[in-house]
Protein chains: 4
Amino acid sequence: MIGLALLGAGRMARVHAKAISAAGGKVITVYDVIGPAAKSLAAETGASVARSVEEALHHAEVNAVLVVTSSDTHVDCILQGIEAGKAVMCEKPLAPTLSDAQRCINALGPQARNVFLAFNRRFDPSHAALKRAVETGEIGNLEQVTITSRDPAPPPLDYLPKSGGLFRDMMIHDFDMARWLLGEEPVSIYSRGSCLVDPQIGKLGDIDTACVALATASGKQAVILNSRRAAYGYDQRIEAFGSAGMVLSDNPRATSVRRYSSTSFGAPDRLFAFYMDRYGDSYRREIETFLSGVATGTPPPVNALDGLRTAYLAEAAGASLRLGQAIELKTNCEASWHE
Amino acid sequence: MIGLALLGAGRMARVHAKAISAAGGKVITVYDVIGPAAKSLAAETGASVARSVEEALHHAEVNAVLVVTSSDTHVDCILQGIEAGKAVMCEKPLAPTLSDAQRCINALGPQARNVFLAFNRRFDPSHAALKRAVETGEIGNLEQVTITSRDPAPPPLDYLPKSGGLFRDMMIHDFDMARWLLGEEPVSIYSRGSCLVDPQIGKLGDIDTACVALATASGKQAVILNSRRAAYGYDQRIEAFGSAGMVLSDNPRATSVRRYSSTSFGAPDRLFAFYMDRYGDSYRREIETFLSGVATGTPPPVNALDGLRTAYLAEAAGASLRLGQAIELKTNCEASWHE
Amino acid sequence: MIGLALLGAGRMARVHAKAISAAGGKVITVYDVIGPAAKSLAAETGASVARSVEEALHHAEVNAVLVVTSSDTHVDCILQGIEAGKAVMCEKPLAPTLSDAQRCINALGPQARNVFLAFNRRFDPSHAALKRAVETGEIGNLEQVTITSRDPAPPPLDYLPKSGGLFRDMMIHDFDMARWLLGEEPVSIYSRGSCLVDPQIGKLGDIDTACVALATASGKQAVILNSRRAAYGYDQRIEAFGSAGMVLSDNPRATSVRRYSSTSFGAPDRLFAFYMDRYGDSYRREIETFLSGVATGTPPPVNALDGLRTAYLAEAAGASLRLGQAIELKTNCEASWHE
Amino acid sequence: MIGLALLGAGRMARVHAKAISAAGGKVITVYDVIGPAAKSLAAETGASVARSVEEALHHAEVNAVLVVTSSDTHVDCILQGIEAGKAVMCEKPLAPTLSDAQRCINALGPQARNVFLAFNRRFDPSHAALKRAVETGEIGNLEQVTITSRDPAPPPLDYLPKSGGLFRDMMIHDFDMARWLLGEEPVSIYSRGSCLVDPQIGKLGDIDTACVALATASGKQAVILNSRRAAYGYDQRIEAFGSAGMVLSDNPRATSVRRYSSTSFGAPDRLFAFYMDRYGDSYRREIETFLSGVATGTPPPVNALDGLRTAYLAEAAGASLRLGQAIELKTNCEASWHE
């Protein structure tokens with residue numbers, strides 16, 4: 001049985017804790033800067049409370065570490081976990097900025113491939129089925145990817161300044177989806193952003209509506225559409241088009257009922273409200289993958305380098321927005337634009 | 001070019017008249033007991049007004065006759081048309097009662113197979129595609145058929161007494177669909193009927209809600225569901241289930257838009273309001289089939305004998321309802337139940 | 001925490017055992033006539049092995065009993081469990097025959113309402129959403145119910161003789177759905193059955209293809225269609241039609257992908273293979289309902305009387321099939337037909 | 001009755017000729033540089049053959065002109081038609097190049113608003129329903145538009161050199177859709193193009209796979225995806241997202257059947273093969289709109305200025321592709337990029 005140290009005791013930590021127990025792992029100890037949070041989650045999971053990250057990492061029964069702290073502490077937690085010889089899984093993003101992400105990768109060296117970066121959407125059954133269709137050649141050669149990703153409502157305004165902005169906070173997932181599906185690194189990026197949902201967001205220097213176009217060296221194209229608000233719920237769709245066909249990963253529904261009335265003519269059931277429900281399965285499958293990888297010594301399917309590449313895309317998207325121009329992307333993730 | 005005499009100038013006559021001109025036929029003359037109706041339709045179609053059925057039938061340029069008069073005159077019009085040596089197409093039903101239908105068939109003799117009986121639903125593109133899937137073996141051996149057929153609203157109450165009742169007036173179409181798809185005559189019928197839509201319908205001795213179960217000698221089953229009212233529009237669906245699969249002919253939609261809002265999550269567009277819109281294509285294709293059959297001397301795909309068999313089923317359904325028992329059906333359409 | 005005795009250690013017992021632990025209950029002891037089965041499930045759940053039903057029932061930590069034995073022992077297990085003062089949940093069917101079911105009810109007296117009968121489909125999210133739409137008046141007055149229920153493949157031939165036949169073994173679930181939705185007891189039943197899937201089934205005196213029509217005193221109608229084989233998977237659909245609309249509980253899908261190719265044009269993903277997957281959620285919700293009912297002293301939403309009524313309908317369906325006639329149903333479940 | 005001169009007797013001319021007669025108009029005379037083509041279409045429509053454009057335009061019974069000649073003669077035909085005092089409808093594009101289009105507009109002056117430019121997709125029932133949803137405020141303020149437009153197969157290679165390239169030949173329709181829906185002129189455009197379908201297309205200097213991002217001054221965004229090949233048929237979809245919801249104009253289907261088998265689980269029917277079938281309704285409604293506009297003196301809903309603006313967008317898309325950069329768009333359609 002895998003014993004885990006949880007670094008962080010917030011909402012996502014609780015989601016992961018449940019998945020850990022369902023997957024047959026055991027939370028051994030919990031650390032959080034906010035003591036009561038750690039205490040409460042420790043009580044629920046039958047774990048001890050650690051007084052420091054060090055104490056948590058060096059607990060004798062701990063084989064693996066889950067980093068679910070605030071973004072600015074991810075790098076340090078990862079590095080300490082690796083140093084302590086533990087298997088490490090870290091919530092996205094790898095780091096708050098590109099330079100931090102680069103520093104992390106530099107410090108990790110070859111270990112970067114052993115850090116499981118929690119891009120949970122890769123484990124969603126529908127997105128994974130789409131990916132499989134791409135990989136097995138079901139749609140021939142992939143040519144165009146369209147990713148639509150809209151939140152039901154913007155986050156609280158006081159969260160936004162520390163969020164890093166839409167590209168780093170929200171579209172980061174879509175960048176990962178795009179790279180994962182394209183199977184090639186993008187060589188150019190162009191972004192447009194607007195503030196249409198809430199002018200307050202604009203006053204904070206952020207955008208709430210965005211579209212990004214990516215292209216690869218072989219000519220594949222990807223388009224990402226984001227909005228911080230969707231009246232009809234959490235809108236998460238991917239379209240992969242290829243030489244032999246197309247696969248859509250459409251929004252799943254709460255149930256399979258359809259309704260007919262004088263104003264509704266076979267309407268499917270509502271979309272899921274937000275990521276907790278929508279991606280519940282993905283969180284469970286992600287943890288299962290992490291734990292079974294630890295048990296069998298298999299390297300994670302998504303690692304810190306993916307964290308670096310998505311950070312690079314987010315940074316470049318921001319630059320493209322500010323410059324009003326497309327940005328050429330490099331292989332080495334070094335920022336190459338001048339603002 | 002085929003020249004037609006229209007017997008009847010009501011609503012369905014107008015529908016057919018349009019289809020005739022689109023199909024390259026020509027309405028030569030129009031007869032109706034209501035003179036002004038004939039006059040108006042004749043004017044619209046550039047046809048003459050006939051003063052009698054005889055005059056219409058013996059017009060030199062008339063090759064074919066379309067009988068769209070009131071049900072009680074169908075038999076006479078058909079017989080006269082055949083006697084005059086014309087190709088005849090007759091609106092459903094063949095006759096108001098089973099005995100009238102039998103009389104018609106007896107009088108027609110072998111000519112029964114040459115009278116085109118206008119069961120238009122056979123020409124609906126979706127129902128026809130389903131039939132094709134059955135015939136080509138796409139679903140293996142057909143085993144169960146489910147026909148759902150609901151009108152948006154009951155007809156005017158003053159129409160009902162002369163309608164012949166739900167089984168003869170409304171379910172007659174579904175009986176034809178069932179026979180057509182089963183490819184075998186039913187050997188038993190069981191019906192249930194209720195008055196749930198409007199108590200006035202019950203006072204007139206009719207029902208507005210019905211279900212019927214049919215079975216064939218080889219064990220195939222068909223179920224028909226009817227209602228005189230559907231809040232969501234004209235509901236016309238068929239399901240054919242077989243050893244290798246299933247085909248559904250679902251309700252077509254006014255357009256292919258889907259709507260999302262805070263209360264609607266991908267709702268398809270509305271159903272068609274009623275048969276004029278829903279079955280518009282079928283009326284056109286029906287007339288095309290009739291005219292091309294006349295031109296090439298091909299016997300009609302649906303004929304007066306189909307009119308007799310459906311009349312028999314409607315009569316038996318009524319008997320089953322009154323007796324509260326299943327009715328065994330005969331090959332010869334002779335009423336075999338005792339009430 | 002609720003402690004449970006599991007009577008039976010077969011496949012369904014394992015399904016329930018998992019749900020019990022997920023719902024926060026605890027399997028205390030396991031009994032099965034086949035010792036190794038009990039031992040293995042006990043080991044997996046950390047429970048003891050009981051040497052007899054008595055021992056299991058009288059274990060000090062046991063508050064509740066789950067009867068998952070073979071059908072012919074259900075009644076005895078239920079009665080013993082109730083006598084031992086435990087909360088009892090019993091897998092369907094209540095008893096192998098109507099007379100056994102009646103004996104059980106007679107012996108239970110008022111306790112019949114306290115026995116949770118495991119008609120799991122009531123707890124399926126989609127069927128439950130449909131039921132809610134009926135109950136809240138969303139579709140007005142319910143008028144017609146259509147239940148389609150097809151297994152992917154027939155059970156092993158050697159299972160069939162002890163199954164009690166299609167009506168008792170398979171359609172029993174649909175009878176429960178029909179009663180649950182209609183909200184009234186049917187007053188008549190008519191059934192048709194054929195052997196179209198496998199002639200061996202017919203040789204065993206059973207059918208594999210059936211349709212049944214039910215009607216209530218107020219004129220509501222329900223139709224049930226069953227087949228022991230569906231090429232496309234486990235087909236489980238319900239349609240509820242009422243004065244203000246219709247709700248369909250359609251087949252859920254493995255994922256929400258849709259596929260396009262030169263032969264497929266937006267095809268949804270496959271149906272679930274069989275009940276384990278399809279109704280997985282329902283088993284979990286059913287156990288949660290049972291355990292929370294035990295904890296709060298709430299009587300079960302579906303009880304032994306529902307088991308009696310469905311047994312009555314299954315028996316009547318068989319009689320209707322043999323007699324070729326509709327059967328009038330009584331309030332008191334006494335078999336009223338003469339064969 | 002409106003009498004029409006048809007300038008051009010090719011495939012699209014035939015499509016329009018049918019629609020004209022169905023809409024109650026009359027083709028009076030036909031001109032084509034290829035005499036036999038004119039003769040044949042004249043024969044079919046009961047029209048005369050004109051020996052020159054002038055003769056066609058000055059025919060006494062001609063009120064309206066339909067320009068369906070090759071693109072390089074559009075401008076001259078339009079100008080001559082207007083000079084002759086006729087109502088003019090012209091097939092897209094307005095002109096082969098932006099400068100030709102600008103010359104046409106300059107020559108037309110205020111008459112530009114009276115030339116009906118045949119962007120037929122505006123008259124498609126589904127796209128029009130989507131537009132209506134945008135206009136009535138059903139989805140609140142429009143924020144993002146996604147247009148996917150894929151041909152089933154590339155045109156013959158020998159057509160491509162004279163086509164003007166993908167942006168002018170194919171995406172021109174999508175530019176019109178984007179402008180129409182956005183309700184504002186785009187202020188920036190960015191395009192990516194690849195040759196993934198057929199390397200021969202690349203050798204001809206063209207692309208076969210493209211995506212374009214547009215933005216307006218108020219921050220609305222539109223994305224267009226094009227491919228010259230789709231294995232599954234003619235793929236024509238539009239998504240309009242706004243503050244209160246979303247409307248999709250999805251691909252309509254040949255029929256409303258859905259298929260289930262061991263490999264297909266509710267697959268809808270095939271898409272339409274190409275524009276003739278898919279947009280058949282739009283051609284009919286377009287002609288009806290033109291004729292009724294002529295009859296009532298209503299200016300056309302889409303005119304030569306729309307032709308100029310789409311030509312400008314196509315030209316700018318080409319420039320963006322060559323420069324690898326976004327292009328700022330001007331109000332006056334003057335090419336503002338330097339290559």
Side-chain angles (χ1 to χ4, degrees), chain B residues 18-19 21-24 44 123-134 136-140 235-272 277-282 284-285, chain D residues 18-19 21-24 44 123-134 136-140 235-272 277-282 284-285:
Chain B
K18 254 194 197 165
S21 115
E44 284 172 32
F123 304 93
D124 174 70
S126 293
H127 296 344
L130 178 144
K131 167 73 171 171
R132 220 155 35 238
V134 171
T136 59
E138 186 184 318
I139 59 163
D235 187 6
Q236 297 282 305
R237 288 171 289 149
I238 304 180
E239 170 180 323
F241 170 79
S243 55
M246 175 168 69
V247 187
L248 310 182
S249 176
D250 208 343
N251 286 307
R253 306 304 177 131
T255 73
S256 53
V257 299
R258 287 185 288 133
R259 293 178 146 86
Y260 290 77
S261 70
S262 58
T263 56
S264 180
F265 311 98
D269 204 357
R270 67 178 177 79
L271 274 58
F272 287 102
D277 301 314
R278 166 65 181 88
Y279 284 120
D281 280 341
S282 78
R284 284 187 283 278
R285 295 180 51 185
Chain D
K18 252 193 199 168
S21 115
E44 284 172 33
F123 304 93
D124 174 68
S126 293
H127 296 344
L130 179 144
K131 167 73 170 173
R132 220 157 31 238
V134 171
T136 59
E138 185 184 319
I139 59 164
D235 187 7
Q236 297 283 304
R237 288 171 288 149
I238 303 180
E239 170 181 324
F241 170 79
S243 56
M246 175 169 67
V247 187
L248 311 180
S249 176
D250 207 343
N251 287 304
R253 308 302 178 131
T255 72
S256 53
V257 298
R258 285 185 290 133
R259 295 177 143 87
Y260 290 77
S261 70
S262 59
T263 56
S264 179
F265 311 97
D269 205 357
R270 66 178 177 78
L271 274 57
F272 288 100
D277 301 315
R278 166 64 181 88
Y279 284 120
D281 280 342
S282 77
R284 284 186 283 279
R285 294 179 52 184

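Letters A, B, ... are given to chains in the order of the sequence lines, protein chains preceding strands, and every chain is numbered from 1.
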> Between D:E138 and chain B, with a heavy-atom cut-off of 4.5 Å, which part of the residue counts as in contact: side chain, backbone, both or neither?
side chain
> With rounding to the nearest 0.5 Å, note down the distance linking OH in B:Y260 to CD1 in D:I139.
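So the gap between those two atoms works out to 13.0 Å.
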> For B:A133 and D:R259, work out which heavy atoms get closest and say how close.
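Taking every non-hydrogen atom into account, CB-NH2, 4.3 Å.
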> Between the main-chain N or O of B:D250 and the side-chain N or O of D:S256, is there a donor-acceptor pair closer than 3.5 Å?
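Flag set: sc D:S256 to bb B:D250 pair under 3.5 Å.
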> Picking from B:I238, B:V257, B:V247, which has the most non-hydrogen pairs under 4.5 angstrom with chain D?
B:V257
> Give, for atom CD of B:E239 and atom CZ of D:R258, the distance between the pair rounded to the nearest 0.5 Å.
9.5 Å
> If you tally heavy-atom pairs under 4.5 Å against chain D, which of B:S21, B:S262, B:S126 wins?
B:S126
> Of the backbone (N, CA, C, O) and the side chain (C-beta and beyond), which part of D:N251 lies under 4.5 Å from a heavy atom of chain B, both, or neither?
backbone
> Using every non-hydrogen atom in the two residues, find where B:T255 and D:P125 come nearest and quote the distance to one decimal.
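Minimum heavy-atom separation between B:T255 and D:P125: CG2-O, 3.8 Å.
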